[in-house]
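Input: a single structure, listed below in structure tokens.
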Amino acid sequence: MRPLSLLCELTYRCNLQCPYCYNPLALQAYRDELPTAQWIAVLEEAAGLGVVQAHFSGGEPTLRRDLDALVGAASRSGLYTNLITQGTFLDDALLDELIANGLDHVQISIQAPEAKLAERIAGTDVHEKKLDALRRVSRRPVALTLNCVLHRLNHDTIEEVIAFAEGLQITRLELANVQFYGWAYRNRAALMPTLGQVRRGEEVVAAARERLRGAMEIIYVLPDYFGEFPKPCMNGWGTQFMTVTPNGYVLPCPAAAAIRDLKFENVRDRALGEIWHHSESFSRYRGTHWMPEPCRSCERREIDWGGCRCQAFLLTGDAAATDPACSLSADHHIVTSLREGAEETELVARRA
Amino acid sequence: MNLTATPRFGKGVKLRHDADGSMMLLVPEGALVLNPPAAAALELIDGRRTLEEIIAAVVERFDVAPQCAQDDLGDLFDRLSQRGFLT
């Protein structure tokens, strides 16, 4: 089995305070960041294992001064390079440096289609800076995706987000409903969209897709708590994806650190390939052997892979349980009551 | 996509050759595994060759029925261009 994708969470430092962030609450525990040489070794080893894509994320990855060197190392190893950023530090000099080092794709997130709401969500006024960054990337020979994470506060602005993207001639727009991990899990009651918002969102997206066919690809990730079946998280645990945290832990899923009874290993102690092939953390939920009923005998077991292990742990305390997002789960009432009972709650800003 | 179109790759789209001879199309945040005729067709994209010329070259090389190649490759090129991977 070959990993295809490596998510490099270079740092959890960030100048924004978005309450929907999936980063862990204990941000201070990750300040001992891997040095440049160790990240380069990780990237080279990943390429040797068969990885084809490297994603540089965080936190805010452009806060790492060595980002250009890391993109260069990934690119020279034959990896396709994605930068996932909020864009506020992406000036001409940095962008040109990254492109010269082989950067293939930039994803820039906005919090809302206009400055006031964006500031309310991000906790700081950076909307104009993001606009500048988007224009800067559009003019250059690198692919661009505009991303907006959707939740109750901005869900009614989907139409405006699409118009905003059209105005910038964006060809790829990702509308990602918030996933409830880390800070977003902490804030889930306040972030949960209403059923009405979700249904209207689907209609708006369907109409826009029709109208913009061939001009803009719109990726709309349905909110997990609203579907009949769970998302096939990571296309199966330990099947394609690896995440390396800022301090070197290797996770089968970016949210996996939440599973407290699973011990994760660190690239400072063990080779990446060893961790991928032989660690307890990657083996435990790989395939279907670990599944309880109703997953074990379900005809969708190799479609959904039991859903998300992290979500199962967060909601039931047992990472081996069927994801409660599945309508067949004995714990599905947890999700339906969260969905229905979502009430106005104060947001807690993400901060170290 | 019209048979007389001269496709080229969109930004951030590239072919990857693996040591075992297999090929993938790498796109923003994704990878498409290609069968040998599809890989051969995409390898011929240079912004000058027409879709018709590309299909003809694949038919010659793989001994497939022309209509079959035209349907399959036409469909592939349509899907890729709808997603902005070909322009």
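Below, chains carry the letters A, B, ... as their sequence lines are ordered, and counting in each starts from 1.
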side-chain contact (heavy atoms from CB on, under 4.5 Å) evaluation trace for B/D18 with A/R2: CA-CA 13 Å; B/D18 264 308; A/R2 154 194 186 179; 3.2 Å; yes
When B/G84, B/G12, B/A19, B/G10 are compared by non-hydrogen pairs under 4.5 Å with chain A, the top option: B/G12
Main-chain N/O of A/S138 paired to B/K11 side chain as donor or acceptor, under 3.5 Å: yes
Top of A/H55, A/Q53, A/R140 for chain B proximity - count of heavy-atom pairs under 4.5 angstrom: A/Q53
Portion of A/V52 that has a non-hydrogen atom of chain B nearer than 4.5 angstrom: both
Interface moiety of A/L4 toward chain B, non-hydrogen atoms closer than 4.5 Å: side chain
Distance, nearest 0.5 Å, that separates CD of B/E29 from OH of A/Y80: 8.5 Å
B/F85 portion near chain A, given a 4.5 angstrom heavy-atom threshold: side chain
Contact winner vs chain A - B/A31, B/S81, B/P28, heavy-atom pairs under 4.5 Å: B/P28
A/E159 atom CD, neighbour heavy-atom count above 12 within 6.0 Å: no
Contact origin within B/R16 toward chain A - heavy atom pairs under 4.5 Å: side chain
Neighbour count >12 (heavy atoms, 6.0 Å) for atom CD, A/Q169: no
Chain B contacts, top residue of A/M216, A/E174, A/Q107 (heavy-atom pairs, under 4.5 Å): A/Q107
Option in A/I84, A/V142, A/L144, A/T171 with maximal non-hydrogen atom pairs under 4.5 Å from chain B: A/V142
Over 12 foreign heavy atoms within 6.0 Å of CD, B/Q82: yes
